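All heavy atoms count here, side chains included; hydrogens, waters and symmetry mates do not. None of the values given here were measured: they were computed from a predicted structure.
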Amino acid sequence: FDDDTQKKLTDKGYKLLTMEEVMASGMENEVDFADVTPDTVYTFSYTSGTTGNPKGALLTHKNHIAMKSALEGAGVQFDHSDRHLSYLPLAHIFEKAVLSIMFGGGAQIGFYSGDTQKIKEDLQVLKPTFFPSVPRLYNKFYELMTKNIDSLTGMKKNLADRAVKAKQYYLKEQCAYKLSLYDKLIFGKIAAAFGGHVKLMVTAAAPISGEVLDFLKIATSSPILEAYGQTESTGGSFVTHPHDPTFGHVGGPTACTEFKLVDVPEMSYT
């Protein structure tokens, strides 16, 4: 803050501290860790109530540890070299589950600028290695990317079309996400739109088109896992595997999940 702003704030009764002063204060006033058990409530997580009335689900430490361990077993693992851009609502289970996994691996978390219209700019600054999102945003990326390719002409358009076909073939036949020549010539700028370092992506919260999913996989040279979960089950209850090239399903159950299939005839689910 400039001097004028500082004066206005102090006149209103605010006390301004530098980050160093905050850290020094914390060191001088150590507080013991809370005495918790696995069954202690870790968080309230709010849901709009897809299966009933809106509610705040009480989730325990055991719930989050079980979910984290199960997803690690499904291939969702991170360490201190990984980075995550947090921009999804923290009141909801999707982002809370992601943060639990990142904390457990000692990964780095950067919080977005506060404007979802500037996510692309935030991605360029943080350069995340992991990118979770929802179909609505992935669809926007897809529309922009395919529009750019469709606008090409001549040799460039021909090369781009060949690149898409080749990468789709190797994705289906070998579950291969990278094809170095085409990645460099055609898809480099697309991968750079996500920061250029993404190695794993996740989609959840709603169904996503297979066409969109396949294109984003080849364009970013990254697996995109499709997950399904409920707030009450601490998020990720079903998830696809990084080496499964098919779409149209949400994978198998995670190791912490007990599930039962029930017919819902009125919705044609049998």
Ring pair (Phe, Tyr, Trp, His ring centres under 6.0 Å) pairs touching residues 194-214, sequence neighbours excluded, are F131-F194, F141-F194
Residues 224-270 vs ring pair (Phe, Tyr, Trp, His ring centres under 6.0 Å), sequence neighbours excluded, gives F238-F259, H241-H243
For the atom pair [atom1] ([X]) and [atom2] ([Y]), what is the distance rounded to the nearest 0.5 Å?
| X | Y | atom1 | atom2 | value |
| --- | --- | --- | --- | --- |
| D4 | D2 | CG | CG | 5.5 Å |
| L126 | E121 | CG | CD | 13.5 Å |
| I65 | K62 | CD1 | NZ | 12.0 Å |
| I109 | L99 | CD1 | CG | 4.5 Å |
| L152 | M155 | CG | CE | 12.5 Å |
| N63 | C256 | CG | SG | 8.5 Å |

Partners meeting ring-ring contact (aromatic ring centres under 6.0 Å, His included) with [X] (sequence neighbours left out):
| X | answer |
| --- | --- |
| F78 | F130 |
| F111 | none |
| Y177 | none |

NZ/NE/NH1/NH2 to OD/OE distance under 4.0 Å, K147 and E143:
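No, this pair does not count.
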**Message:** Could you report the tightest heavy-atom contact between D183 and K167, atom names first, then the distance?
**Reply:**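 Where D183 meets K167 most closely, the heavy atoms are OD1-NZ, 2.6 Å.
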Please list, chain by chain and in numerical order, all residues satisfying salt bridge (charged side-chain N to carboxylate O under 4.0 Å, His left out) with [X], sequence neighbours excluded.
| X | answer |
| --- | --- |
| D122 | none |
| K157 | D161 |
| K118 | none |
| K140 | none |

| More than 12 heavy atoms of other residues, nucleotides or ligands under 6.0 Å from CD of E30: is that the case? | no
* Asked: Which residues, ordered by chain and number, are linked to L58 in its hydrophobic cluster, where ILVMFWY side chains connect at heavy-atom gaps below 4.5 Å, directly or through other members?
  ->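 Via sub-4.5 Å side-chain contacts, L58 links to V41, F44, Y46.
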Task: Pairwise side-chain contact, Y42 with T60, heavy-atom cut-off 4.5 Å (strictly under) - done: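 Result no, sub-4.5 Å side-chain heavy-atom pair not found.
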[X] and [Y]: side chain donor to acceptor below 3.5 Å:
| X | Y | result |
| --- | --- | --- |
| T246 | D244 | yes |
| Y142 | E211 | yes |
| T129 | D82 | yes |
| S81 | D79 | yes |

| task | With sequence neighbours excluded, tell me which residues meet side-chain hydrogen bond (donor to acceptor under 3.5 Å, both in side chains) with D11. | result |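 If we apply the side-chain hydrogen bond (donor to acceptor under 3.5 Å, both in side chains) test to D11, skipping adjacent residues, the hits are K7.
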Here the side-chain hydrogen bond (donor to acceptor under 3.5 Å, both in side chains) pairs for residues 84-107, sequence neighbours left out, are T43-K96, H64-S100, H84-E95, S86-E95, Y87-S133
